[in-house]
Engineer: 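Can you keep this structure in mind? I'll have questions shortly.
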Amino acid sequence: MKGIVLSFSRPKRFTGLNRKISVPDFRYIIKRYGVKLLFTLMILLGMILGALYARSAQSEALNSLDFLFTTNLEARLSQSAIGTFCACFASDFIFLISIYLFGTAPWGLPFQFAAVMFKGFGTGITAAYLFITHGLSGAGFYLLVLLPGTFLFCIALAIFSSYAFEFSKRIFLFTVGKSAPLSSLREGFLHLSSKLLTAMIFTFASALLDTLLWSLFAGAFKF
């Protein structure tokens with residue numbers, strides 16, 4: 001009987017799953033992913049503020065933001081596939097290149113947070129606008145057509161913003177400090193530029209995904 005009880009004991013390989021996160025583990029997570037998590041929180045905060053703003057915004061104000069966000073659904077639905085791709089890629093490219101330029105300046109740190117939060121703000125406006133104006137049909141349209149590409153780009157934006165943040169911080173510390181940086185600023189600039197190329201690939205894929213979903217499913221929704 002004792003052997004039977006022991007044979008049904010919990011396997012050792014699962015004991016590590018219940019181990020609590022210690023303080024060193026938490027510090028490692030913050031050190032490794034803290035900046036990326038911070039920019040992700042900026043996007044989420046912007047989404048909340050955008051959703052609150054959409055409840056009281058006028059239609060003229062929302063339509064004026066259509067170049068950066070999808071707030072004029074009628075105009076977007078009348079576009080061709082090429083027009084949809086160009087609109088999606090152009091709006092995301094503006095945010096990406098803004099983060100890149102701010103990342104190359106010592107004073108760019110607060111503007112990086114503002115740009116990322118503004119992207120989240122527009123995302124929240126779009127989601128809330130569709131739900132308020134078109135109800136469940138608008139919510140379904142956002143989840144099926146707009147959300148996949150937006151989610152992909154926001155991930156790329158948060159990750160790239162963390163690299164731009166680190167390089168901008170290095171330039172700032174070099175500007176105000178008296179000691180030379182531990183590594184070459186030229187190498188850091190080339191590294192940031194390579195990350196921009198990677199982010200551009202994700203931006204292209206995001207715009208392509210948006211165009212594909214618009215072409216396949218936009219016509220199924222009647223607004």
Side-chain angles (χ1 to χ4, degrees), residues 36-81 83-99 102 110-162 199 202-223:
K36 296 181 178 64
L37 293 175
L38 182 59
F39 278 107
T40 302
L41 290 176
M42 291 295 101
I43 293 176
L44 294 177
L45 178 60
M47 291 177 63
I48 295 174
L49 296 176
L52 295 176
Y53 173 78
R55 298 176 58 183
S56 58
Q58 300 295 327
S59 59
E60 293 80 6
L62 294 175
N63 291 337
S64 64
L65 296 173
D66 187 62
F67 178 73
L68 294 175
F69 315 110
T70 308
T71 54
N72 190 343
L73 196 60
E74 290 76 12
R76 290 295 181 99
L77 289 173
S78 63
Q79 292 178 337
S80 62
T84 300
F85 175 83
C86 292
C88 295
F89 183 81
S91 61
D92 291 343
F93 176 80
I94 290 175
F95 285 98
L96 199 62
I97 201 65
S98 297
I99 295 297
F102 292 142
F111 295 97
Q112 293 175 41
F113 287 112
V116 171
M117 185 180 291
F118 188 61
K119 173 59 181 179
F121 180 80
T123 303
I125 284 180
T126 301
Y129 167 76
L130 289 174
F131 180 76
I132 294 172
T133 307
H134 304 288
L136 293 178
S137 180
F141 180 87
Y142 182 81
L143 293 175
L144 182 61
V145 178
L146 298 180
L147 182 59
T150 300
F151 181 75
L152 179 61
F153 175 73
C154 285
I155 291 177
L157 182 65
I159 294 175
F160 177 70
S161 297
S162 67
F202 277 92
T203 303
F204 182 88
S206 172
L208 194 63
L209 180 60
D210 277 336
T211 304
L212 179 63
L213 294 176
W214 273 80
S215 301
L216 291 177
F217 302 112
F221 294 86
K222 304 299 181 182
F223 298 112

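Just so it is clear, the structure is predicted and the values come from calculations on it, not from any experiment.
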Engineer: State, to 0.1 Å, how close Phe131 and Ala139 come at their nearest heavy-atom pair, and which atoms those are.
Structural biologist: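 Heavy atoms of Phe131 and Ala139 come nearest at CD1-CB, 3.8 Å.
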
Engineer: Tell me, please, which residues at least two apart from Thr84 pass side chain to side chain contact (heavy atoms under 4.5 Å, CB included).
Structural biologist: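 Thr84: side chain to side chain contact (heavy atoms under 4.5 Å, CB included) contacts with Gln79, Cys88, Thr211, Trp214.
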
Engineer: Let me check something: any side-chain donor-acceptor pairs from residues 146-161 under 3.5 Å, sequence neighbours excluded? List them with distances.
Structural biologist:
unit_1, atom_1, unit_2, atom_2, d
Thr150, OG1, Leu146, O, 2.9
Ser161, OG, Leu157, O, 2.6

Engineer: With ring-ring contact (aromatic ring centres under 6.0 Å, His included) as the criterion, how do Tyr53 and Tyr129 come out once you've worked through the C-alpha distance, each side chain's angles and the decisive distance to 0.1 Å?
Structural biologist: CA-CA 10 Å; Tyr53 173 78; Tyr129 167 76; over 10 Å; no

Engineer: Output the distance between atom CD1 (Ile43) and atom CG (Leu38), rounded to the nearest 0.5 Å.
Structural biologist: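 Rounded to the nearest 0.5 Å, the CD1-CG separation comes to 10.5 Å.
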
Engineer: Evaluate side-chain contact (heavy atoms from CB on, under 4.5 Å) for Phe93 paired with Phe204, printing each intermediate quantity in order.
Structural biologist: CA-CA 9 Å; Phe93 176 80; Phe204 182 88; over 6 Å; no

Engineer: Which pairs with one or both residues in residues 132-143 pass salt bridge (charged side-chain N to carboxylate O under 4.0 Å, His left out), sequence neighbours excluded?
Structural biologist: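 Not a single pair qualifies under salt bridge (charged side-chain N to carboxylate O under 4.0 Å, His left out).
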
Engineer: Could you list all the salt bridge (charged side-chain N to carboxylate O under 4.0 Å, His left out) pairs where at least one residue sits in residues 208-218, not counting sequence neighbours?
Structural biologist: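 Residue pairs passing salt bridge (charged side-chain N to carboxylate O under 4.0 Å, His left out), neighbours aside: none found.
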
Engineer: Which distance, rounded to the nearest 0.5 Å, do you find between the CZ of Phe141 and the OG of Ser137?
Structural biologist: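 If I round to the nearest 0.5 Å, the distance is 9.0 Å.
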
Engineer: Just by distance, do the side chain of Ser206 and the backbone of Phe202 share a donor-acceptor pair under 3.5 Å?
Structural biologist: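 No; zero donor-acceptor contacts below 3.5 Å.
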
Engineer: Run the side-chain donor-acceptor check on residues 111-119: report pairs under 3.5 Å with partners two or more places apart or on a different chain.
Structural biologist:
unit_1, atom_1, unit_2, atom_2, d
Gln112, OE1, Phe165, N, 3.2
Lys119, NZ, Asp92, OD1, 3.2

Engineer: If you measure from CG on Leu208 to CG on Leu213, what distance do you get to the nearest 0.5 Å?
Structural biologist: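 Answer rounded to 0.5 Å: 9.5 Å.
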
Engineer: Please assess Leu96 against Phe89 for the test side-chain contact (heavy atoms from CB on, under 4.5 Å), listing each intermediate value before the final yes or no.
Structural biologist: CA-CA 10 Å; Leu96 199 62; Phe89 183 81; over 6 Å; no

Engineer: In Å, rounded to the nearest 0.5 Å, how long is the span from CZ of Phe85 to CG of Leu212?
Structural biologist: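 Between Phe85 CZ and Leu212 CG, I get 12.0 Å after rounding to 0.5 Å.
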
Engineer: Using side chain to side chain contact (heavy atoms under 4.5 Å, CB included) as the criterion, list what pairs up with Leu52, not counting sequence neighbours.
Structural biologist: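 Testing Leu52 for side chain to side chain contact (heavy atoms under 4.5 Å, CB included), a comparison that skips the adjacent residues, returns Ile48, Arg55.
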
Engineer: Once rounded to the nearest 0.5 Å, what's the spacing between atom CG of Leu130 and atom CG of Leu143?
Structural biologist: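 Between atom CG of Leu130 and atom CG of Leu143 there are 10.0 Å.
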
